[in-house]
Amino acid sequence: MQNEVLNPNSKFANNRKKISILKVLFSPMFFIILFMLFEVFMIIYFIDYINDTRIHYFVVFLNIVEIFYLVNSKKVKDSFKITWMIVFVLMPGLGAVLYIILEFSNLFNLNRNKLRRIVIQSNKNYDFTYSQNFKLNINNHEFIKNLDNDLIREEFSNEISFFNYFYNNPKIPLYKNTEVKYFDDGKNVFEDIFANIVNAKKFIFIEMFILSDGIIWQEMLKILKEKASQGIEVRIIVDGLNSISFFNRRYCKYLKEYNIDAKIFKPISPLLSNTQNHRDHRKIIVIDNEIAYTGGINIADEYANLYERFGKWKDSGIKVYGAAVESFTIMFLQLWHVLSKTNLLDFDRFLPKFENKSDLISNDHFYVPYTDYPNLSENISLQIYRYMFNSANRYMYIMTPYLVIDEALVDTIEAAAKRGVDIKIIVPRIADKKYVFYVNRSYYRSLTLAGAKVYEYLPGFIHSKVYLQDDIRSVVGTANLDYRSLYLHYENGVYIFGDNSALDDIKDDFINVLNDSKEMTLEEIIKIPAIQRFFGAVLKMFAPLM
């Protein structure tokens with residue numbers, strides 16, 4: 001692909017369409033919003049009614065029962081319990097009704113049961129060769145002694161135990177015979193993606209949280225149409241939030257005319273439902289089960305700085321080449337089959353075994369692509385981050401757009417800082433959501449007092465989700481340090497152990513971003529306007545709902 005394709009002034013650039021008032025008024029989303037407002041009105045009317053009758057006492061009793069349930073429930077996280085209790089106190093009737101509606105909707109979450117079945121059935125498609133070898137070699141000191149790198153050899157005993165966590169619980173394999181390339185800029189990621197989808201021979205899978213019309217999508221669509229016309233299978237999954245504007249069912253039908261099969265994950269519904277919180281936040285592109293991409297980037301022009309929204313957009317991505325791509329193919333197909341009407345599972349035909357190549361084999365490089373399924377897995381991203389903080393001896397570096405975390409993770413971070421680990425967290429100075437920005441800043445003081453350092457990226461918005469620890473471990477993926485990513489969203493990432501080349505690239509990127517960032521010392525934190533600190537403290541109580 002020519003670099004000029006991603007030039008906003010080139011002949012490939014599309015003028016952004018102006019949205020007319022009539023188009024908005026007659027859009028499906030407009031009627032959804034109207035219906036939701038009607039629902040809220042009816043609930044409020046119902047609450048006013050019961051407050052004037054004897055049913056009011058029943059609602060008070062219901063509140064007490066729900067609070068008792070929350071206090072004793074092991075399924076509900078402590079931070080969510082506190083938030084819901086505040087809702088109950090502030091809105092005694094409405095809070096009770098909302099909680100029952102949202103919890104009741106979970107009982108009829110058929111997709112969750114279907115996903116559980118598909119995940120269990122698809123586990124047989126994973127190659128657990130290396131995972132089983134590690135399980136056999138836990139106490140094999142000769143095996144560890146033969147590792148190439150001194151630092152890796154020192155850390156390896158603990159790492160075997162953590163690899164066994166992946167093997168025993170979420171049933172996710174680790175891989176050797178793999179290579180990764182880290183990208184510190186969204187534009188570079190897209191250029192590499194285009195160069196490889198042009199050469200696809202069998203299939204192209206794309207799964208995105210956001211897919212917006214623009215320069216990038218139009219150029220990608222042109223390639224996808226051409227590949228589909230050649231008989232290459234093209235499948236696309238886009239989160240239902242896109243159905244609000246661009247990527248709706250009508251657009252899926254349009255793509256079908258070009259033999260491109262597209263599905264929408266949980267289109268926005270006017271009915272109140274807890275499952276509407278469970279968005280598909282994953283970003284996955286798989287080509288022929290040989291190359292996969294993930295990271296922070298969605299398919300939209302701002303991710304390559306072709307369109308300015310919040311100053312300079314800083315993002316990251318990673319390309320995986322080799323055996324570990326198998327996991328990305330399986331991840332995509334698991335969700336694809338949940339959204340399909342047929343019960344036929346076609347994993348086998350997309351999973352030819354990767355040919356072993358001697359130049360990729362290393363004794364001490366290991367990779368674990370993983371995914372989080374809310375209400376199904378055990379918050380794998382959270383488990384990985386905790387492990388990295390707890391095992392850190394020298395440093396832990398983080399780039400994340402959001403810092404909205406529960407007290408347990410705050411304690412984990414602060415404990416690492418107090419024992420001398422160099423904790424550096426970079427968040428944006430220019431916010432995409434003001435209320436989240438205020439909550440971000442509400443954590444600065446306690447983290448700084450514990451010895452951690454928080455920096456704000458000055459040129460614009462940092463959207464990277466990158467975690468680096470002790471020159472030995474890293475995660476590049478889609479999960480932010482916030483409640484939604486850690487508890488509610490479908491997420492994915494790559495856990496990297498021992499790959500010096502990739503880890504060096506990630507560290508260089510972090511240092512470069514750090515040079516464009518400002519440390520929020522106690523002196524700087526005191527300068528934050530009082531009104532921001534107040535709103536941050538208030539909004540923090542409702543952080544689990546953000």
Side-chain angles (χ1 to χ4, degrees), residues 78-79 82-83 86 296 310-314 382 385-386 388-390 392 394-469 479-486 509-546:
D78 289 343
S79 298
I82 295 170
T83 300
I86 293 171
F310 310 106
K312 181 181 178 182
W313 192 287
K314 169 66 181 90
L382 178 61
Y385 300 158
R386 281 176 176 166
M388 292 175 73
F389 279 113
N390 289 328
R394 295 185 292 121
Y395 73 81
M396 179 75 174
Y397 296 161
I398 298 167
M399 289 188 281
T400 178
Y402 310 122
L403 183 63
V404 184
I405 50 181
D406 61 21
E407 289 303 313
L409 191 52
V410 170
D411 290 343
T412 300
I413 297 172
E414 291 181 354
K418 287 175 182 177
R419 68 172 190 270
V421 177
D422 180 18
I423 306 289
K424 287 184 170 69
I425 304 172
I426 304 177
V427 293
R429 167 64 63 93
I430 300 176
D432 65 334
K433 305 178 185 72
K434 282 292 184 184
Y435 62 92
V436 178
F437 177 68
Y438 297 154
V439 177
N440 275 3
R441 286 186 153 191
S442 70
Y443 290 89
Y444 291 2
R445 182 177 176 82
S446 66
L447 291 173
T448 301
L449 288 172
K453 296 178 181 178
V454 182
Y455 298 79
E456 290 185 344
Y457 178 65
L458 300 179
F461 185 68
I462 187 165
H463 192 255
S464 301
K465 303 96 166 50
V466 177
Y467 307 80
L468 177 66
Q469 182 236 315
N480 305 306
L481 272 185
D482 69 353
Y483 285 93
R484 287 198 167 275
S485 281
L486 299 179
D509 182 34
F510 187 91
I511 292 171
N512 290 333
V513 174
L514 197 66
N515 290 332
D516 288 331
S517 305
K518 183 173 184 177
E519 183 180 354
M520 298 302 292
T521 61
L522 286 174
E523 291 77 11
E524 292 294 328
I525 294 169
I526 292 171
K527 294 178 185 177
I528 295 175
I531 190 68
Q532 283 192 22
R533 296 202 299 271
F534 172 75
F535 278 120
V538 172
L539 291 170
K540 192 174 180 179
M541 294 187 294
F542 300 95
L545 302 181
M546 290 183 182

Could you go step by step and tell me if Trp313 and Ile430 meet the side chain to side chain contact (heavy atoms under 4.5 Å, CB included) rule? CA-CA 10 Å; Trp313 192 287; Ile430 300 176; over 6 Å; no
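- A cation-pi arrangement, defined by a distance under 6.0 Å to the six-membered ring centre and an angle within 45 degrees of its axis, is absent between Lys433 and Tyr435.
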Using distance only, find each side-chain donor-acceptor pair of residues 418-429 under 3.5 Å and give its atom names and separation, not counting sequence neighbours.
{"residue": "Arg419", "atom": "NH2", "partner": "Phe389", "partner atom": "O", "Å": "2.8"}
{"residue": "Arg419", "atom": "NH2", "partner": "Asn390", "partner atom": "O", "Å": "3.0"}
{"residue": "Arg419", "atom": "NH2", "partner": "Ala392", "partner atom": "O", "Å": "2.9"}
{"residue": "Asp422", "atom": "OD1", "partner": "Lys424", "partner atom": "NZ", "Å": "3.0"}
{"residue": "Asp422", "atom": "OD2", "partner": "Tyr397", "partner atom": "OH", "Å": "3.4"}
{"residue": "Asp422", "atom": "OD2", "partner": "Lys424", "partner atom": "NZ", "Å": "2.7"}
{"residue": "Arg429", "atom": "NE", "partner": "Glu456", "partner atom": "OE1", "Å": "2.3"}
{"residue": "Arg429", "atom": "NH2", "partner": "Glu456", "partner atom": "OE1", "Å": "3.1"}

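- A donor-acceptor contact shorter than 3.5 Å links the side chain of Tyr443 to the backbone of Ile405.
- Annotation: Arg533, atom CZ; neighbour count of heavy atoms from other residues, nucleotides and ligands within 6.0 Å is above 12.
- Without hydrogens or angle criteria, Arg386 side chain to Thr412 main chain gives no donor-acceptor distance under 3.5 Å.
- In this structure, the side chains of Leu403 and Asp482 stay at 4.5 Å or more apart for every pair of heavy atoms.
- Every residue two or more places apart in sequence or in another chain that forms a side chain to side chain donor-acceptor pair (under 3.5 Å) with Tyr395 is listed here: Asp471.
- Applying the side chain to side chain donor-acceptor pair (under 3.5 Å) rule to Glu414 yields the partners Ser446; only residues at least two apart in sequence or on another chain are considered.
- The shortest distance between side-chain heavy atoms of Leu409 and Leu486 falls below 4.5 Å.
- Expressed to the nearest 0.5 Å, how far CD of Glu524 lies from OH of Tyr444 amounts to 11.0 Å.
- Test Ile528, Thr448, Leu447 against Met520 for side chain to side chain contact (heavy atoms under 4.5 Å, CB included) and you get one pass: Ile528.
- For the residue pair Glu523 / Thr521, a side-chain donor-acceptor distance below 3.5 Å is found, with atom types taken as modelled.
- Residues forming a side chain to side chain donor-acceptor pair (under 3.5 Å) with Gln532 (at least two apart in sequence, or on another chain): Arg441.
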Tabulate below the donor-acceptor pairs under 3.5 Å that side-chain atoms of residues 459-468 make, not counting sequence neighbours, or state none.
{"residue": "His463", "atom": "ND1", "partner": "Gly296", "partner atom": "O", "Å": "3.1"}
{"residue": "His463", "atom": "ND1", "partner": "Asp315", "partner atom": "OD2", "Å": "2.8"}
{"residue": "His463", "atom": "NE2", "partner": "Lys465", "partner atom": "NZ", "Å": "3.4"}
{"residue": "Ser464", "atom": "OG", "partner": "Ser316", "partner atom": "N", "Å": "3.4"}
{"residue": "Ser464", "atom": "OG", "partner": "Ser316", "partner atom": "OG", "Å": "2.7"}
{"residue": "Lys465", "atom": "NZ", "partner": "His463", "partner atom": "O", "Å": "3.2"}
{"residue": "Lys465", "atom": "NZ", "partner": "Asn480", "partner atom": "OD1", "Å": "2.5"}
{"residue": "Tyr467", "atom": "OH", "partner": "Ala479", "partner atom": "O", "Å": "2.8"}

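- The salt bridge (Lys or Arg N to Asp or Glu O under 4.0 Å) check on Lys312 picks up nothing, with sequence neighbours excluded.
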What's the verdict on side chain to side chain contact (heavy atoms under 4.5 Å, CB included) for Lys314 and Asp516, showing C-alpha distance, side-chain angles and the deciding distance? CA-CA 11 Å; Lys314 169 66 181 90; Asp516 288 331; over 6 Å; no
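- Taking every heavy atom of both residues into account, Ala450 and Ala417 meet most closely at O-CB, 3.6 Å.
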